[in-house]
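Working notes for the structure below.
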Amino acid sequence: MAKEGAGGGPDWNGLLKWSLAHGGDGTTPSRALSEEDRKWFMEAMQANTVDVVGRMKEIAQVMKTPDDVLQSHGVTTENIEDMLDELQEHVESIDMANDLHSIGGLDPLLGYLKNSHAGIRAKAAEVVSTVVQNNPKSQQLVMESNGLEPLLTNFRSDPSMNARTKALGAISSLIRNNQPGLAAFRLGNGYAALKDALGSDDARLQRKALHLTQYLLDNKADRNVAVELGLPNLMLHLASSDDSGVREAALGGLLQLARDRTSAAGNTLPNQDKLKDILRSRIEGISAMDADDLQAAREERQLVDSLWKECYDEPSSLRDKGLVVLPGEDAPQQPPPDVAGKMFEPPLRAFAAPRPALREDSDSGSGKKDPPLLLGP
């Protein structure tokens, strides 16, 4: 009979003692195992082994099950959200992300983007974002399954601000380095939705919209569209936001426009007088910060100084005050930090660190819950 720990699970302390006693440190000769020891060892190891593909198939089956059937089996909306959290952890592995389609899980996941519960729509978008991030194969599969359409719909008009924000995050991951995705974003009136997001009063949505805008500004055609729609004026307004992340992203976008050396460069930046007033205001605000706030505002300090230098061909007064590079800090790189790039940093995927119990953009509670009881055969 297999030996169990105090909680009824694998006896890991016993396993460690067993491995050391049987030469596990490599310094003592091994000895033959008894049948009982061999059986206990195998059961202890198997008890902690998760069949990820098998579990993903179970989740896919649940996602395919009609809502009324799930409800009749006691599966709640919270259970579904927890299940999607689990699925997101599995698809951090790029291989598992690509397997999601082959096991029949991608289409029902995209179907959840149209679910009547805002929490499920938001969680589904979060999983889609993980699936396609830095993953051309899954980007193509989602595009072929028309996954961009419900994401754009939710981004434009979802009554839940959290679902809108999550949809935008998934769109950003889907169209990055994906020309068909970019083309579909343009045709799907994505720029109008982006303009609405920049004009919203939700800081999280504004930050994500600014990050995507900054990425799009790298392309001349998209930059011209952004200028025609007046996005630089919105960025200028957001450079005075009370939210530091919004300010940094807006300043980063304005710096990109200031560095534009194309023939139309003179028309890309908004009102220069207003820009100078905003930069002066930010210099005053930074100059009045205490030591802790100055440390936290490192990127903003560098962006303000670089934007002033780019626009007016002279260092800002922050440099004269010694506030661009504080004692102990490394000199800023050229160009300054890529604020928008943070949004698109590749996940470690298979080697990702465990997720914290509480995430900034989550509507759920902080505790990690057991996966929902799945339907029987």
Side-chain angles (χ1 to χ4, degrees), residues 59-60 62-64 66-67 77-78 80-85 87-88 91 97 100-101 105-133 135 138-176 178 180-213 215-216 229 231 234 246 249 343-344 359-364:
I59 293 174
V62 173
M63 292 192 295
K64 294 175 184 178
D67 287 345
T77 299
E78 186 181 33
I80 298 298
E81 292 181 23
D82 292 341
M83 181 187 71
L84 291 173
D85 272 335
L87 179 60
Q88 184 174 7
V91 297
L100 185 62
H101 177 266
L106 182 60
D107 286 340
L109 172 63
L110 296 175
Y112 269 172
L113 295 171
K114 303 176 183 178
N115 193 273
S116 59
H117 297 282
I120 292 178
R121 295 194 300 273
K123 290 289 185 183
E126 203 168 1
V127 178
V128 172
S129 180
T130 301
V131 167
V132 301
Q133 193 171 40
N135 186 348
S138 283
Q139 285 178 336
Q140 180 181 353
L141 291 170
V142 170
M143 292 300 300
E144 291 174 351
S145 296
N146 297 318
L148 180 60
E149 182 178 347
L151 288 172
L152 282 171
T153 298
N154 292 358
F155 171 39
R156 283 193 297 259
S157 57
D158 199 297
S160 164
M161 190 60 70
N162 185 52
R164 283 187 68 189
T165 304
K166 297 296 186 182
L168 174 55
I171 290 169
S172 299
S173 296
L174 179 59
I175 68 175
R176 181 172 172 81
N178 176 7
L182 273 171
F185 176 80
R186 299 182 191 113
L187 292 174
N189 211 18
Y191 270 103
L194 198 57
K195 183 176 181 180
D196 288 342
L198 290 173
S200 75
D201 57 1
D202 186 88
R204 283 173 50 219
L205 185 63
Q206 290 172 343
R207 285 196 298 269
K208 287 188 180 292
L210 284 164
H211 292 153
L212 179 55
T213 300
Y215 168 69
L216 294 171
L229 288 175
L231 300 194
L234 290 171
V246 171
M343 180 179 179
F344 305 110
R359 293 191 295 269
E360 175 191 356
D361 292 345
S362 176
D363 284 343
S364 303

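We're numbering straight along the sequence, starting at 1.
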To the nearest 0.5 Å, what is the distance between [atom1] ([X]) and [atom2] ([Y])?
X: T165; Y: R204; atom1: OG1; atom2: CZ; value: 4.5 Å
X: L174; Y: I171; atom1: CG; atom2: CD1; value: 8.0 Å
X: I120; Y: L113; atom1: CD1; atom2: CG; value: 11.5 Å
X: L231; Y: L194; atom1: CG; atom2: CG; value: 6.0 Å
X: M143; Y: N178; atom1: CE; atom2: CG; value: 6.0 Å
X: I175; Y: Y215; atom1: CD1; atom2: OH; value: 7.0 Å

I want to check something: taking the side chain as every heavy atom from C-beta on, are [X] and [Y] in contact at a cut-off of under 4.5 Å?
X: T77; Y: E81; result: yes
X: L182; Y: L216; result: yes
X: L84; Y: E126; result: no

On a heavy-atom basis, which atom in [X] and which in [Y] lie closest, and how many Å separate them?
X: S138; Y: V132; answer: O-CG1, 3.9 Å
X: A167; Y: F155; answer: CB-N, 3.8 Å
X: A184; Y: L152; answer: O-CD1, 4.4 Å
X: K64; Y: P108; answer: CG-CG, 3.9 Å
X: L229; Y: K195; answer: O-NZ, 3.0 Å
X: A170; Y: S129; answer: CA-CB, 3.7 Å

So which of L87, D85, I80 actually passes side chain to side chain contact (heavy atoms under 4.5 Å, CB included) with M83?
-> I80

Which pairs, with at least one residue in residues 112-122 and sequence neighbours excluded, count as a salt bridge (Lys or Arg N to Asp or Glu O under 4.0 Å)?
-> R121-D158

Under the side-chain hydrogen bond (donor to acceptor under 3.5 Å, both in side chains) rule, collect the residues that match up with Y191, sequence neighbours excluded.
-> D222

Mind running side chain to side chain contact (heavy atoms under 4.5 Å, CB included) on L148 and V142 for me, showing each step along the way?
-> CA-CA 7 Å; L148 180 60; V142 170; over 6 Å; no

Could you note down all residue pairs passing side-chain hydrogen bond (donor to acceptor under 3.5 Å, both in side chains) where residues 139-154 supplies at least one of them, sequence neighbours left out?
-> D107-S145, Q140-E144

Give a yes or no answer on whether the side chain of S200 reaches the backbone of D196 with a donor-acceptor pair at less than 3.5 Å.
-> no

